[in-house]
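By convention here, the first residue in the shown sequence is residue 1.
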Amino acid sequence: MEKKKNKKEKPYVMPQDQLTQTTGWLGTIFLVTVAALFILVGGVMLFVDGIKELYLIYMISALLIALGIGLIVKYFVTEAYRSMHDYGFSGGALIVILGGCSLARAGQLTAQIAAFVGLLVLAVAVVMLQQAMQLHIMRKKVWIVVLVISLVTLLSAVLLLFDIRSVTGKIDGFAYWVLLIAGVLALLCLLISGIGVKIFQHQEREEMQRMQKEQQLAFAREEEQKRLESTMKKIEDESCTHTT
């Protein structure tokens with residue numbers, strides 16, 4: 001009975017591929033949510049009358065708090081505490097505190113709404129830039145499209161952060177247009193990157209299967225050669241015995 005129990009009991013092993021998949025899904029869901037919020041907030045501020053910028057500060061603060069909580073949850077769900085190099089919990093806690101502070105000082109921060117929008121768009125632009133580099137490493141030609149989109153988004157964020165009136169002052173609600181378009185472009189980049197990664201993974205699996213088949217065939221040929229040599233040796237030994 002003890003032997004059977006010992007066979008059933010296996011040491012715990014972290015499923016790295018499952019961990020990576022869980023982390024990836026959480027990140028994708030969060031990015032889609034952020035992009036949808038960008039579109040929603042930008043559309044409301046542009047096309048709905050009577051909406052105060054104070055409400056946007058509330059939404060940005062809530063987004064920061066949600067981001068921080070998401071990072072903290074991700075830290076525990078993916079068991080990132082097993083790695084000494086993952087600081088998702090501390091980063092999430094910091095973002096929650098910043099969101100809480102901006103929520104408490106929302107009235108004073110309305111004058112800096114363009115800078116707030118610029119920071120958010122800048123964060124999304126950096127994510128797009130990473131997606132472009134990812135596709136480039138995977139040798140997908142579409143990476144250049146994602147790169148151009150990320151650079152345009154990055155430039156728009158810089159215009160907002162530095163408050164370049166010669167550009168931003170010519171368009172009413174420039175910050176909200178940037179927010180709206182950035183959300184649409186973020187969803188587009190996520191779609192392109194998702195398709196590119198899926199194709200790459202499929203090609204990688206096919207290559208792995210091809211290599212495994214080649215190894216199996218090589219092993220089978222080697223075994224066949226050994227059997228043939230063994231048979232030939234037996235025949236030679238028998239012929240030598242008959243001659244003697």
Do [X] and [Y] belong together in a cluster built from hydrophobic side chains that touch within less than 4.5 Å?
| X | Y | answer |
| --- | --- | --- |
| L40 | I57 | yes |
| M45 | L54 | yes |
| L31 | L191 | no |
| I137 | L135 | no |
| F219 | M211 | no |

Taking atom CZ of R210 as the centre, does the number of heavy atoms from other residues, nucleotides or ligands within less than 6.0 Å exceed 12?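 Enclosed: over 12 neighbouring heavy atoms sit under 6.0 Å from CZ of R210.
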Would you say the side chain of I192 lies within less than 4.5 Å of the side chain of Q131, judging by non-hydrogen atoms?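 In short, these two side chains do not touch, never coming nearer than 4.5 Å.
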Do L120 and V34 have side chains that approach each other closer than 4.5 Å (heavy atoms only, starting at C-beta)?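 When only atoms from C-beta onward are counted, V34 and L120 do not touch, as no gap falls below 4.5 Å.
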May I ask you to decide if the ring planes of W177 and F47 are parallel, tilted or perpendicular, using 30° and 60° as cut-offs?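 Ring orientation of W177 relative to F47: perpendicular.
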If you round to the nearest 0.5 Å, how far is [atom2] of [Y] from [atom1] of [X]?
| X | Y | atom1 | atom2 | answer |
| --- | --- | --- | --- | --- |
| L64 | I69 | CG | CD1 | 11.0 Å |
| I72 | F89 | CD1 | CZ | 5.5 Å |
| L190 | L185 | CG | CG | 11.0 Å |

Take W143 and Q134 through the side chain to side chain contact (heavy atoms under 4.5 Å, CB included) test and state the conclusion after the steps. CA-CA 8 Å; W143 79 274; Q134 183 182 20; over 6 Å; no
Step by step, would you call I144 with H136 a side chain to side chain contact (heavy atoms under 4.5 Å, CB included)? CA-CA 8 Å; I144 192 67; H136 177 60; over 6 Å; no
Which donor-acceptor pairs under 3.5 Å do side chains of residues 91-111 form with protein atoms, sequence neighbours excluded?
from, atom 1, to, atom 2, distance (Å)
S102, OG, S61, OG, 2.8
S102, OG, L98, O, 3.3
S102, OG, G99, O, 2.8
T110, OG1, G107, O, 3.0

Taking side-chain hydrogen bond (donor to acceptor under 3.5 Å, both in side chains) as the test, write out the residues that go with R205, two or more places apart.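 Listed in chain order: nothing, the list is empty.
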Quick one: hydrophobic cluster around M138, which other residues, with the 4.5 Å side-chain cut-off, linked directly or via members?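 V197, F200, which link up through side-chain heavy atoms under 4.5 Å apart, make up the rest of the cluster.
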Hydrophobic clusters join Ile, Leu, Val, Met, Phe, Trp and Tyr when side-chain heavy atoms are under 4.5 Å apart, directly or via other members; which others share one with L217?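 Its cluster partners, ordered by chain and number, are none at all.
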Determine the minimum heavy-atom distance between [X] and [Y], stating which atoms define it.
| X | Y | answer |
| --- | --- | --- |
| A182 | M128 | O-CE, 3.8 Å |
| L180 | G43 | CD1-N, 4.1 Å |
| C189 | I149 | SG-CG2, 3.6 Å |
| S156 | V178 | CB-CG1, 3.8 Å |

Are side-chain N/O atoms of Y58 and E53 paired as donor and acceptor at under 3.5 Å?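 Result is no, nothing qualifies.
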Salt bridge or not between E224 and R221? Use side-chain N to carboxylate O under 4.0 Å.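 No, E224 and R221 are not salt-bridged.
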Do E222 and K226 sit within salt-bridge range, that is, some charged N less than 4.0 Å from a carboxylate O?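 Judged by the 4.0 Å cut-off on N to carboxylate O distance, E222 and K226 do form a salt bridge.
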Partners meeting side chain to side chain contact (heavy atoms under 4.5 Å, CB included) with L129 (sequence neighbours left out):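 Side chain to side chain contact (heavy atoms under 4.5 Å, CB included) check on L129 returns L147, S150.
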Does I199 have any side chain to side chain contact (heavy atoms under 4.5 Å, CB included) partners at least two apart in sequence or in another chain, and if so, which?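 Here the qualifying residues are K140, I195, Q203.
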Step by step, work out the side chain to side chain contact (heavy atoms under 4.5 Å, CB included) result for F174 and L179. CA-CA 9 Å; F174 180 82; L179 196 65; over 6 Å; no
Please step through side chain to side chain contact (heavy atoms under 4.5 Å, CB included) for the pair F38 and V184, ending with a clear verdict. CA-CA 8 Å; F38 277 16; V184 174; over 6 Å; no
